[in-house]
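For clarity, every value in this text was computed on a predicted model and none was experimentally measured. Order of the sequence lines sets the chain letters (A, B, ...), proteins ahead of strands, with each chain counted from 1.
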Amino acid sequence: MARITLNGVGKVYPGGTRAVGGVDLDVADGEFVVLVGPSGCGKSTLLRMIAGLETITEGTVSIGDRVVNDIEPAGRDIAMVFQNYALYPHMSVRQNLAYGLKNRRTPAAEIARRVDEAARMLELAPYLDRKPRQLSGGQRQRVAMGRAIVREPAAFLFDEPLSNLDAKLRGVMRWEIKTLQRRLATTAIYVTHDQVEAMTLGDRLVVLNGGRVEQIGTPLEVYRRPASVFVAGFIGSTPMNLVRSDVLPGLARPGTTVGIRPEDLVPSPDGALSMQVSGIEELGVSRLVHGVIGGERVSVVVPPDFQPSEPLRLSVRPGAMHLFDAATGLRREGS
Amino acid sequence: MVEDRPLLNLLAHLVLIVGVAVVAMPLWIAFVASTHGPNDFMSGVVPILPGPHLVENYSRMFSTGVSTSGMPPVGRMLLNSAIMALSISIGKIAISILSAFAIVYFRFPLRMLAFWVIFATLMLPVEVRIVPTYKVVADLGLLNTYAGLSIPLIASATATFLFRQLFLTMPDELTEAARIDGAGPMKFFRDILLPLSRTNIAALFVIMFIYGWNQYLWPLLVTTSSDKYTIVAGIKRMADVADAQPQWHLVMATAILAVLPPLLVVVLMQRLFVKGLVETEK
């Protein structure tokens, strides 16, 4: 167990392409930090630099008290869970779990104890002698986690570990990862492009875009006070509406983008906004009404049996407006 | 598409039967010839049924051989062929899997050049470089040795290329997981790459064993002493007698014996093939 510190970490590929730049991050001991962003934002590269699978071209990474820039992955005392699990196909589950320990010359009795314990924890005991191909996706995922757990490492690194599972199983495994991490109190860094996963799992989120950190904060901070237009549009299960300020009556502030979450727009007969409805998406628990206000595309969450009138009058929930500088995309204070 | 038309079925079977007959007939003739006496094949009428001399012909080949043409007994030649074919196939696999490992998993200067040089040798089969190779082997004093028989045939671009393609299909995450699990390069090779290449190794072994076993021109050149004759080259020497009729019944008995070991290898390895095909998943 250890804290992980990133100091101005960057990655420039030999061709001159910059993948990651100037990341400062302090992960506390036992904390669960999620790196989230769209594909190509550098989140995986950052994780792989922490793991030691990519060289670090700028800055330093420390795990515990050591700077690990020049230490091999095996020497960094971390364990990694890969997206495609990366189980050794020719080894049984037991051998898969034990391989890392065997390479570290752990005594056989200790290996057996840890493997059994991990298998019990992950309910893998009946499958210990099977080969990975005889397991279902969820079970393979568990083996991959087990391989990390038996090592009792300073930190877990997860690289989109749930992307290959179907939606239902993903929810279950998400919960399992969370409880397991709490129980073991091991520092964890988790990479995902799925903002729901990020919100539910992380103690803190690191939102990345184009190789740079957009915002670091707890899920609620990031959700309630997005630091930039990018974060505002990325976090939230239905993306935030981002409109020019002059669309909203009485709020003509030039050079300002206004963000309002779809659930913060309320249908009301005397609302100040008037929306041309263009379509309705049924979500079961609610409906998502798409439309146009003043030439800007907007969506609104309404109750499931609500039938929108044409045009639909809307009011904004008080204090639910986020103001951003249109030029820089950064949050304006006082919003 | 499932069709059941009797006429078509009949036709298909007929074509197949003709095909089988064309392939099997020479083997049958060879077998029949090996069971007849010395003169039955000289008359010009080829018998179609086995004769009474089977045991006699084969036991003669195993005990004395055709001493008139300076041939050792068949056992010795079979042994020589086996040694040669095994050294070639095992040597080829060992060398090519290691060079493919180096080319795929290590960054070293001129890596791609090394690969293309290996690849270019595909264009140089034994026959093309046979004279310079003979010179080299002769200068090294390897004529009439097992080393001389097998070493020049060991380096193999085909197998290197095959293993390279196989290694390229291995997911990178597997390598990375092994690195995190603390496996060094050779440990990774031994614990992960080698077991995962098992079925490919088996397939290559069969192909290379047959390739080595069937070598004809090269053994004919480098072996002049009869205790190093291989069986395939031996058959040629046996049939090639001066001022006499070739003893076809004995030549054919030898030919049949020469066919058996590769056949055995194929039959035995077949099971590993099928197993490999069934459980292929990476």
Interatomic distance, L53(A) atom CG to R179(B) atom CZ [nearest 0.5 angstrom]: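 The CZ atom of R179(B) is 5.5 Å from CG of L53(A), to the nearest 0.5 Å.
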Gap separating the CG atom of D191(B) from the NE2 atom of H90(A), nearest 0.5 angstrom: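 That separation rounds to 6.5 Å.
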Evaluation steps, side chain to side chain donor-acceptor pair (under 3.5 Å), between D181(B) and Y88(A): CA-CA 11 Å; D181(B) 269 345; Y88(A) 310 120; 2.8 Å; yes
Flag if over 12 foreign heavy atoms under 6.0 Å of NZ, K102(A):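 For K102(A), atom NZ is not crowded (no more than 12 foreign heavy atoms under 6.0 Å).
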Whether over 12 other heavy atoms sit under 6.0 Å from D65(A) CG: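 No.
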Heavy-atom closest pair, residues [X] and [Y]:
X       : Y       : result
E173(B) : N84(A)  : OE1-ND2, 3.4 Å
Y99(A)  : K187(B) : OH-O, 3.9 Å
A74(A)  : G182(B) : CB-CA, 3.4 Å

I180(B) and its side-chain contact (heavy atoms from CB on, under 4.5 Å) partner, picked from E72(A), R151(A), R147(A):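 Going through the options one by one, the only one that passes is R151(A).
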Side chain, backbone, both or neither of L101(A) within contact of chain B (heavy atoms, under 4.5 Å):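 No part of it gets close to chain B.
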